[in-house]
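The block underneath contains the structure these notes are about, expressed in structure tokens.
Just so it is clear: chains get the letters A, B, ... in the order the sequence lines come, proteins before strands, and each one is counted from 1. Keep in mind that the numbers below use all heavy atoms, side chains included, and drop hydrogens, waters and symmetry copies.
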2 protein chains.
Amino acid sequence: MTGDKPVVYVVDDDPSVLRALERLLRSADLGLETFTSALDFLNFQHPEAPGCLILDVKMPGVSGLELQERMARQGILFPIIFITGHGTVPLSVQAMKAGAVDFLMKPFDPKDLLEIVFKALDKDRQAKWEQRELKRLRERLKTLTPREAQVFRSVVAGMLNKQIAYDLGTAEKTIKVHRARIMEKMGAKSLAELVRFAEKLGIGSPSS
Amino acid sequence: MTGDKPVVYVVDDDPSVLRALERLLRSADLGLETFTSALDFLNFQHPEAPGCLILDVKMPGVSGLELQERMARQGILFPIIFITGHGTVPLSVQAMKAGAVDFLMKPFDPKDLLEIVFKALDKDRQAKWEQRELKRLRERLKTLTPREAQVFRSVVAGMLNKQIAYDLGTAEKTIKVHRARIMEKMGAKSLAELVRFAEKLGIGSPSS
DNA sequence: GCCGCCGTTGGACCAAAGTCCAATATCTTT
DNA sequence: AAAGATATTGGACTTTGGTCCAACGGCGGC
């Protein structure tokens with residue numbers, strides 16, 4: 001499943017650029033989807049496979065930078081490689097600050113682009129894998145009852161069953177039962193693992 | 001101690017720019033150190049206080065970008081704000097990829113710069129705090145004997161004393177002793193805390 | 001009203017971990 | 001050789017945590 005063929009998405013309003021990039025990327029045995037506008041891309045159903053985006057900065061309608069922003073807001077997270085004919089320093093800085101992988105000026109060396117694309121795909125593979133892990137954990141967390149979640153927080157904070165029981169005004173026995181259910185529901189084989197899960201879920205440090 | 005007055009370091013070969021920035025930054029009640037060359041900055045003993053660097057891209061001798069690279073190699077980690085009169089897109093992209101906070105073109109709005117500086121200082125305050133935490137942990141880790149370190153890894157991997165003993169070919173009793181010493185030396189008040197320490201130290205995941 | 005989930009608890013044990021005190025064998029360093 | 005750090009183990013308990021089985025009251029839904 002993590003071994004899906006990677007897909008490169010290209011968004012550019014200039015068909016000739018699209019064709020050129022298509023030739024280049026096909027030669028590297030990469031999946032490819034092309035779009036002539038930012039909105040077309042947004043309406044497209046992205047598969048699970050790792051991918052990256054090659055994006056023209058300047059396009060009629062929604063610009064590349066706007067698309068980047070909208071994607072971030074919608075949680076569509078793909079590494080973005082910008083290409084442009086008339087880029088400026090402020091534009092490139094904005095794009096990079098917003099997390100772009102690179103920002104290339106035309107004309108560029110096709111070899112450079114391919115190298116960047118491969119790096120971006122690796123990055124997305126990694127990111128997607130972590131996203132899936134986190135999603136699984138969150139789903140498991142949701143199966144905890146309110147009380148269990150409460151005990152969960154106390155357990156990973158390092159409290160003893162006895163202390164937790166005192167805090168919640170219940171018997172230590174009750175905590176043991178909750179604790180067992182927590183380990184089971186979260187799929188943790190040891191306390192160490194449970195703590196690591198909690199860390200990934202951001203339990204113990206943030207506002208909470 | 002974390003409440004030290006922040007210091008802004010400015011490196012620019014043009015004395016008039018230095019003076020202008022000095023006026024601006026002094027007005028904001030910020031500590032200030034100016035340098036007319038990258039090497040001067042490298043030879044300077046940086047205090048512990050949070051700080052950031054305002055750096056001219058183009059300078060005779062060692063350029064701003066080279067300084068950024070050298071700092072990274074030497075582990076001198078300050079947020080860097082580049083300013084330049086004649087920047088290009090590739091230069092700004094390189095700087096941003098290397099971790100720069102921002103890349104400003106002259107002329108720029110002094111208010112913008114101040115805002116960026118304050119953000120950079122906050123960032124460094126946070127980074128410095130985490131660095132200190134990590135340093136303390138590493139020092140504690142170093143006080144562990146080889147055997148203890150070995151047991152440490154097994155413990156945070158979630159193994160039972162019994163299993164660890166079997167792996168190492170020793171008695172379970174021995175592991176208990178090691179374990180107690182580990183908790184004491186690492187200053188962990190609970191297993192949960194110990195696991196968190198191990199996470200920060202990168203034990204359990206990396207090459208190892 | 002009956003069923004299922006949630007939170008609760010008890011009893012009876014077992015297993016794992018921690019605590020004191022004490023002791024031995026190596027190895028390195030002084 | 002003596003001192004010190006390291007690694008090891010035993011005995012004797014105490015505390016904690018986990019497991020099985022069983023049970024009860026409250027609450028929402030069918």
Write down the distance between CG (A:Leu191) and C1' (D:dT16), rounded to a whole number of angstrom.
-> 12 Å
Using five pairs at either end of the helix from C:dG1-D:dC30 to C:dT30-D:dA1, determine the angle between the two local helix axes and round it to 10 degrees.
-> 40°
Just by modelled atom types, is the A:Met159 backbone N or O under 3.5 Å from a matching donor or acceptor in the A:Gln163 side chain?
-> no
Taking atom P of D:dG18 as reference, at what distance in whole Å does atom NZ of A:Lys189 sit?
-> 16 Å
Is B:Glu193 reaching over with its side chain to a backbone N or O of B:Lys189, donor-acceptor style, under 3.5 angstrom?
-> yes
Nearest-angstrom distance from the residue atom NZ of A:Lys162 to C1' of D:dG18 | 16 Å
May I have all residue pairs that pass side chain to side chain donor-acceptor pair (under 3.5 Å) and include part of residues 43-62 of chain A, sequence neighbours excluded?
-> none
Residue met sooner reading DNA chain C from 5', once A:Ile175 and A:Arg181 are mapped to nucleotides = A:Arg181
Could you pull out all residues at least two apart from B:Phe152 that satisfy ring pair (Phe, Tyr, Trp, His ring centres under 6.0 Å)?
-> none
Just wondering, are more than 12 heavy atoms of other shown residues or ligands nearer than 6.0 Å to CG in B:Asp29?
-> no
What's the CG-C1' distance between A:Asn161 and D:dG18, to the nearest Å?
-> 9 Å
Is B:Lys142 salt-bridged to B:Glu139, going by a charged N under 4.0 Å from an acidic O?
-> no
Are any of B:His178's side-chain N or O atoms less than 4.0 Å away from OP1 or OP2 of D:dT8?
-> yes
Would you mind listing every side chain to side chain donor-acceptor pair (under 3.5 Å) that reaches into residues 168-186 of chain A, with sequence neighbours excluded?
-> A:Glu148-A:Lys185, A:Asn161-A:Arg179
With A:Phe35, which residues qualify under ring pair (Phe, Tyr, Trp, His ring centres under 6.0 Å), at least two apart?
-> A:Phe41, A:Phe44
Just how far, in rounded Å, is C1' of D:dA5 from CD of B:Glu184?
-> 15 Å
Taking for each residue the nucleotide of DNA chain C with the nearest heavy atom, is it A:Lys185 or A:Gly169 whose nucleotide lies nearer the 5' end?
-> A:Lys185
Whole-Å distance between D:dT9 P and B:Glu172 CD?
-> 12 Å
Counting only non-hydrogen atoms, which of residues 139-150 of chain B are less than 4.0 Å from DNA chain C?
-> none
By salt bridge (charged side-chain N to carboxylate O under 4.0 Å, His left out), which residues pair with A:Lys200, not counting sequence neighbours?
-> none
Would you mind building the protein contact string for nucleotides 19-30 of chain D? One character per nucleotide, 5' to 3', B for base within reach (heavy atoms under 4.0 Å), S for sugar-phosphate only, - for untouched.
-> BB----------
Using chain A heavy atoms and a threshold of under 4.0 Å, write down where along DNA chain C the contacts begin and end, 5' to 3'.
-> C:dC6 to C:dG11
Mind calculating the distance between CE (B:Met183) and P (D:dT15) to the nearest angstrom?
-> 19 Å
Please list, one pair per line, the donor and acceptor atoms closer than 3.5 Å that link side chains of residues 63-79 of chain B to other protein atoms, with sequence neighbours excluded.
unit_1: B:Ser63; atom_1: OG; unit_2: B:Leu65; atom_2: N; d: 3.4
unit_1: B:Ser63; atom_1: OG; unit_2: B:Glu66; atom_2: N; d: 3.2
unit_1: B:Glu66; atom_1: OE2; unit_2: B:Ser63; atom_2: N; d: 3.3
unit_1: B:Gln68; atom_1: NE2; unit_2: B:Ala95; atom_2: O; d: 3.2
unit_1: B:Glu69; atom_1: OE2; unit_2: B:Arg73; atom_2: NH1; d: 3.1

Atom CZ of B:Phe108 with >12 non-hydrogen neighbours under 6.0 angstrom = yes
Considering only heavy atoms from C-beta outward, does the side chain of A:Asp12 approach that of A:Thr36 to under 4.5 Å?
-> no
Just jot down the salt bridge (charged side-chain N to carboxylate O under 4.0 Å, His left out) partners of A:Asp102, sequence neighbours excluded, or say none.
-> B:Lys97
Report the distance from atom CD1 of B:Ile182 to atom C1' of D:dA7, rounded to the nearest whole Å.
-> 13 Å
Select base, sugar-phosphate, or nothing to describe what A:Thr170 touches, counting heavy atoms under 4.0 Å on all strands.
-> sugar-phosphate
Under the salt bridge (charged side-chain N to carboxylate O under 4.0 Å, His left out) test, which residues partner A:Glu115, sequence neighbours left out?
-> none
